[in-house]
Amino acid sequence: MTDAARPDDPLIKGWCPGALRPMLSGDGLVVRVRPFGGRLRRAQADGLASLAAAHGNGLIDLSSRGNLQLRGVREDSFEALIEGLHGLRLLDANAEVEGRRNILTTPFWSVGDETEYLTAALTDALAQEDAPNLPAKFGFAVDTGDRPVLQRASADIRLEREAQGGLILRPDGAALGKQVDVHTAIGEAMQLAHWFAANRGTHKRMAKLLATGQSLPTGFTRSMQEQTNTPTPGLSEQGVLAGLAFGQLTAQTLAGLAKHGALRMTPWRMVLIEGAQDMPQLPGLIAAQDDPLLRIAACTGAPGCPQALIETRALARALAPLLPAWQTLHVSGCAKGCAHPNPAALTITGTAQGLSLIHNGRASDDPAQTGHSPHSILKAI
Ligand code: SF4
């Protein structure tokens, strides 16, 4: 994309909504809940479903960072919703701590293991007054299961396992990490976050800073273990992974899921139902690993988002049966590309001039074709 602003350039707000700092959207307030440890106990999931139905429009989005966004919240209901979230212990002490607590945790952990401990310790460290002042989208990944699964998800500071099984701390964008152990990991992660805050200049993400050639502190010498696959719906050691088309579920489905187990959030538009052995029969769940809807990212679009230039999800459903078996598709209501910040094999972006088609790129990249209608794009992909 050129530097000159386009007429339909998206509005960049520079902050992320939370529960304590909601965002006004086309369908009301968006209240983003960040489950602690990436997990909802059954009572929390059930309570959250009731709150979404009582104070919002009953639709809930699972974000690419594993957060749950209650949509369509009425402004006169907001206070009661916050009280309800407080009662469910789903709130941080204040909006600053909430904004900093950007932690993505692998869902493949067991009670009492290092992943559970590290996530809790990192949560605690980010709540301290001396925690670094970080940009809004800056985040952490606790990816310390048997093998890495979060490398394709957005994060700036990563805790992972190297091939020999030890823990490493790896800045996003670097191939090498620093050897840590369960006792030193969080202190080292905080030091790296402080280092980023002191050296970032105008950069907001770790990989962008490192791409400038900025040298890391000493000690980052351990080879990373590459992620080889992305999880799919079905049975895992910890429970059943259930897919959600476009990451959306209804309050009713969330309440139904709560009957089957505690829920672990993922960045893959799936939730893990702890301890479940079978896929629950609930509306909106994707059980088939080859369901094309799993390979399509589509943002809220019109009418829910005021910046949207198209109805993304209706178009995505129409395109799903046409998608070749291996292909990923991103349908974006505007060039901001909220649903999929990374490149996709195919991206369709809504613009003031019609639909643009982009190959192997992001929603804001220069298109291969422009000016399509929803009808003509069906033939173009
Ligand atoms: S990408 Fe979609 S959700 Fe994000 S601002 Fe644009 S239309 Fe709205």
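Counting starts at 1 for both ligands and their atoms, in listed order. Numbers here are sequence positions counted from 1.
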Can you tell me how far CD of Gln307 sits from SG of Cys338, rounded to the nearest 0.5 angstrom? 7.5 Å
Taking only heavy atoms of Ala308, which atoms of ligand 1 are found under 4.0 Å from at least one of them? 7 (S)
May I ask you to list the atoms of ligand 1 that are less than 4.0 angstrom from any heavy atom of Cys299? 1 (S), 2 (Fe), 3 (S), 7 (S)
Mind checking the CZ-CD1 spacing from Arg264 to Ile273? Nearest 0.5 Å is all I need. 12.0 Å
Applying side chain to side chain contact (heavy atoms under 4.5 Å, CB included), can you list everything that pairs with Thr232, at least two apart in sequence or on another chain? Gln289
Heavy-atom pairs closer than 4.0 Å: do any link ligand 1 to the side chain of Cys305, the backbone, both, or neither? side chain
Is Leu319 isolated, or which residues cluster with it under the ILVMFWY side-chain rule of less than 4.5 Å, directly or via members? Phe246, Ile286, Leu293, Leu294, Ile296, Ile310, Leu315, Leu322, Leu323, Leu329, Val331, Leu346, Ile348, Leu355, Leu357, Ile377, Leu378, Ile381
Give the contacting part of Ser332 toward ligand 1: side chain, backbone, both or neither, where contact means a heavy-atom distance below 4.0 Å. side chain
For Gly333, the atoms of ligand 1 under 4.0 Å from one of its heavy atoms are 2 (Fe), 7 (S)
Which word best sums up how the rings of Trp268 and Phe108 line up, parallel for under 30°, tilted for 30 to 60°, or perpendicular for over 60°? parallel
